[in-house]
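Heads up: the structure comes next, in structure tokens.
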2 protein chains.
Amino acid sequence: MNATSTIRPLRKDAARHREQLLAAAVQVFDQHGLDASVTEIARVAGVGIGTLYRRFPSKEALIDTLVHEVLNATIQMARDAATSRDGTGLEKFLMASGAYQAEHVGCLPRLWNTDHEMVKLARRLIARLLLDAKRHHRIRHDLTSTDVALAMFSINGVLEAMHPLAPDAWRRHLDVLIAGMRPAATDLPHRALSPGSLDKVLEMRKSAS
Amino acid sequence: MNATSTIRPLRKDAARHREQLLAAAVQVFDQHGLDASVTEIARVAGVGIGTLYRRFPSKEALIDTLVHEVLNATIQMARDAATSRDGTGLEKFLMASGAYQAEHVGCLPRLWNTDHEMVKLARRLIARLLLDAKRHHRIRHDLTSTDVALAMFSINGVLEAMHPLAPDAWRRHLDVLIAGMRPAATDLPHRALSPGSLDKVLEMRKSAS
DNA sequence: CCCTATACGGAGAGGTCACTCCGTTTAGAC
DNA sequence: GTCTAAACGGAGTGACCTCTCCGTATAGGG
């Protein structure tokens, strides 16, 4: 998977610079958004632009690597959450992934645009968490995995709006949202999205990237 | 307020072109985001770039005009919603402003960045809607106007993510969110944001523009 | 119909950005 | 210590974007 492992290990300094670049990219993108210039990233990393381009073939590839990392972490959190079979997994996952994404706000606009199998895997894991939560009557039965996706998009919206001055605001928002997902909450109007609509959206974002 | 009315009315063709430019800007920004080029906007409007710059001193000014319009409409919707004194005003407002913002997704990133008195006015009106809803026990008493702001940010997040393939997804999200705001919903953890935190965020976004 | 203030179009100036190229430096095997 | 493959820095290139300028066209009053 990783190009560095298939062919030849990077020289020690090169590997270090690669990590410095990734860390700098997270920081710079968080502060200035994805429009931040590669020059700024190289400066923060303490290397030249040439080094950045030797390690990543394009700015887009650098962003992809970052998104890949975030998605990977998200998947791991979904797996961790699935170990508690008491129906609280979904809530634990939303809390954990929200906290992680709050540290990677800069990458969020591209998070679900990737073609990768990882998106499908993440969605399968989330669907499983949802099922377990329903079984234990932690959430109402008419909710779909698309509703969970909407919850995550909405957290992104709060994160981007309140970043970085109120970095915990998303927790409050999620509290209200989860309260609305409980069976005890008042009845919802029948507006659940059709099953395939999220797929269409993700497909379209992928090709638009 | 409007520069055209204080000094001299625009010539008829100029006024028409101005409206064409605004309409084209809404459409182009919706499709390509605020990074869309002014050349593209002028092309869609059917005028030259020179005309665009004679009508609006800069791209930023054009965006500001658009944001101004959206904010104005939002304030009007808040006023309309306040006429129903039965506690449903807040929900009506969230529905109406969501529907309107769904038609102006391109402007959303700047919606609350403006310095204008209008932002303060909008927040006062929303606070009044909130109070009325509490009085009629439509929503729980521990919610603050900051929570309503978070709800609006979260709708923006859903709109941006699902645009334009599932333009009604935000309604479903808002349904769940409002269910979580009802007094019947399960108790929330005590995580309400401090009263001034939203002010700080808006202040910061304003200066960052 | 004429006249002129007003508006028009779009080439080009000036700046920024992503990305390349090459002379120089260095890690690390022997 | 020597040597070479690997990595380094950053000036330079070309594309693209916002905004200006000026010769041309037109609305609309008299």
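The structure displayed is predicted, hence computed values, not measured ones. Chain identifiers are assigned alphabetically (A, B, ...) following the order of the sequence lines, protein sequences preceding nucleic acid strands; residue numbering begins at 1 within each chain.
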His163(B) side chain reached by Glu160(B) side chain, heavy atoms, under 4.5 Å: no
Letter per nucleotide, 5' to 3', of nucleotides 25-30 of chain D [B base touched, S only sugar-phosphate touched, - untouched; heavy atoms, 4.0 Å]: -BSS--
Check ion pair Arg123(B)-Asp199(B) (N to O, under 4.0 angstrom): yes
Ile49(A) atom CD1 is separated from dC17(C) atom C1', nearest whole Å, by 10 Å
Please test Arg124(B) against Glu117(B) for salt bridge (charged side-chain N to carboxylate O under 4.0 Å, His left out), starting from the C-alpha separation and ending with a verdict. CA-CA 11 Å; Arg124(B) 272 199 303 276; Glu117(B) 290 298 310; 5.8 Å; no
d(CD1, Ile63(A); P, dA18(C)) in whole Å: 9 Å
Among dT18(D), dA18(C), dC8(D), which nucleotide sits nearest the side chain of Lys59(B)? dT18(D)
dA7(C), OP1 or OP2 - any side-chain N/O from Thr51(B) closer than 4.0 Å? no
Pick one: which of Thr146(A), Thr144(A), Asp147(A) meets side-chain hydrogen bond (donor to acceptor under 3.5 Å, both in side chains) with Arg172(B)? Asp147(A)
Test item: Lys59(B) side-chain N/O and Leu34(B) main-chain N/O as donor-acceptor pair under 3.5 Å: yes
To the nearest angstrom, the CZ-P distance between Phe56(B) and dT20(D) comes to 15 Å
Whole angstrom value for the distance that separates C1' of dT16(C) from CD of Glu40(A): 14 Å
For Asp80(B) and Lys92(B): C-alpha separation, side-chain torsions, deciding distance, then whether side-chain contact (heavy atoms from CB on, under 4.5 Å) applies. CA-CA 9 Å; Asp80(B) 289 349; Lys92(B) 283 178 182 161; over 6 Å; no
Using whole Å, report how far CG of Leu52(B) lies from P of dT18(D). 10 Å
Nearest-angstrom distance from the residue atom CD of Glu60(A) to P of dC17(C): 16 Å
So Arg16(A), base contact, sugar-phosphate only, or nothing? Heavy-atom distance under 4.0 Å. nothing
Return the value, rounded to whole Å, for the distance between atom CD1 of Ile41(A) and atom P of dG9(D). 15 Å
CA sep, side-chain torsions, deciding dist, call: Ser154(B), Ile155(A), side-chain contact (heavy atoms from CB on, under 4.5 Å): CA-CA 6 Å; Ser154(B) 86; Ile155(A) 289 172; over 6 Å; no
Is a donor-acceptor contact shorter than 3.5 angstrom present between the side chain of Arg54(B) and the base of dG9(C)? yes
Arg55(B) near the nucleic acid: base, sugar-phosphate alone, or nothing, with a heavy-atom cut-off under 4.0 Å? sugar-phosphate
Would one find more than 12 heavy atoms of other residues, nucleotides or ligands at under 6.0 Å from atom CZ of Arg171(A)? yes
Between atom CD in Gln20(A) and atom P in dA7(D), what is the gap in whole Å? 15 Å
Quick one, Gln101(A) with Leu111(A), criterion side-chain contact (heavy atoms from CB on, under 4.5 Å). Give me CA distance, side-chain angles, the key distance, then yes/no. CA-CA 10 Å; Gln101(A) 287 176 21; Leu111(A) 226 204; 3.7 Å; yes
Residues touching DNA chain D, which here means a heavy atom under 4.0 Å, drawn from residues 24-38 of chain B: Ala36(B), Ser37(B), Val38(B)
